[in-house]
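Right, one structure below, let's go through it.
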Amino acid sequence: MIVLKSEREIKKIKEAGHIVYLALKAAEEACVEGATTKDVDKAAEDLIVANGYNPSCKGFAEGDEIPFPACCCVSVNDEIIHGIPTERVLKNGDVVKVDIVADKDGYFADAARTFIVGEPKDKEAVRLIEVTKQSFFEGLKFAKVGNRISDISHAIQEYVEKNGFSVLREFQGHGVGISMHEEPGIPNFGKPGKGPRIQEGMVLAIEPMVCQGERYIMESDDGWSIITEDGMLGAHYENTVAITKNGPVILTND
Ligand code: MG
């Protein structure tokens, strides 16, 4: 079931979105050479908790999954998503994806960014991150009342593949707002004109997950981290977006 949100509810989700935005900034500042991925997680969690919000991912599990042990997903290099923060030490040039969900009073917001530690190792890493971010905005152009969900999907896939990268197919964007994962699912690939019609009051987490090489992935031994099969880089960019009659509005911002 797709739950449409009122203006008042969207305002609450936007407040959570602002905290997620600030937590991502804190995480970015913590992504320095010599820091651990646990340090990155702690920087974000401290900010969320200091503002009276809950780090929603902590303890999260669906089905028979192991509860996620941290505030943020911190995924390095060939890890694309769902990386568990550890004592892993960040090195110059590492490509770090941070994905954060925060909630308060039953309202949730979700966003992700990709950062480079220090200086990029090569131009392709920078281009991968830029293409991933821009593919979100290409999809966003279609997040309008009357379109269909797969119009967003198609625009993302087309932009990513045109630029020589590939999209993950096993994971997708989703509705969000009164819980972490809601309907509809928003794949990052597919033909246009399919799926639910986009309506005013939908709140969507649109999140391209992009592979530098082939799109094939594996789950790592920790039960959470998703890594590229070919060991090449992955990137991630996500915002929570409200559909209004005047077009899409990003809620995870300043
Ligand atoms: Mg997310």
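Start at 1 and go down the list; that is how both ligands and their atoms are numbered. The shown structure was predicted, so the numbers you read here are calculated from the model rather than taken from an experiment.
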Closest to the Mg ion (ligand 1), which N/O/S atom of [X] is it?
{"X": "D99", "answer": "OD1"}
{"X": "E238", "answer": "OE1"}
{"X": "D110", "answer": "OD1"}

| message | According to salt bridge (Lys or Arg N to Asp or Glu O under 4.0 Å), who are the partners of E87, at least two apart in sequence or on a separate chain? | response |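 E87 satisfies salt bridge (Lys or Arg N to Asp or Glu O under 4.0 Å) with K38 once adjacent residues are dropped.
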| task | Name all residues meeting the salt bridge (Lys or Arg N to Asp or Glu O under 4.0 Å) criterion together with D46; count only those two or more places apart in sequence or in a different chain, and write none if there are none. | result |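 Expected list: K42.
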| request: Scan side-chain atoms only and decide if N253 and N239 contain a donor-acceptor pair under the 3.5 Å cut-off. | output: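 Result is no, nothing qualifies.
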| Sole residue of T240, L204, I206, D103 in side-chain contact (heavy atoms from CB on, under 4.5 Å) with V176 |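 Going through T240, L204, I206, D103 one by one, the side-chain contact (heavy atoms from CB on, under 4.5 Å) with V176 is satisfied by T240 alone.
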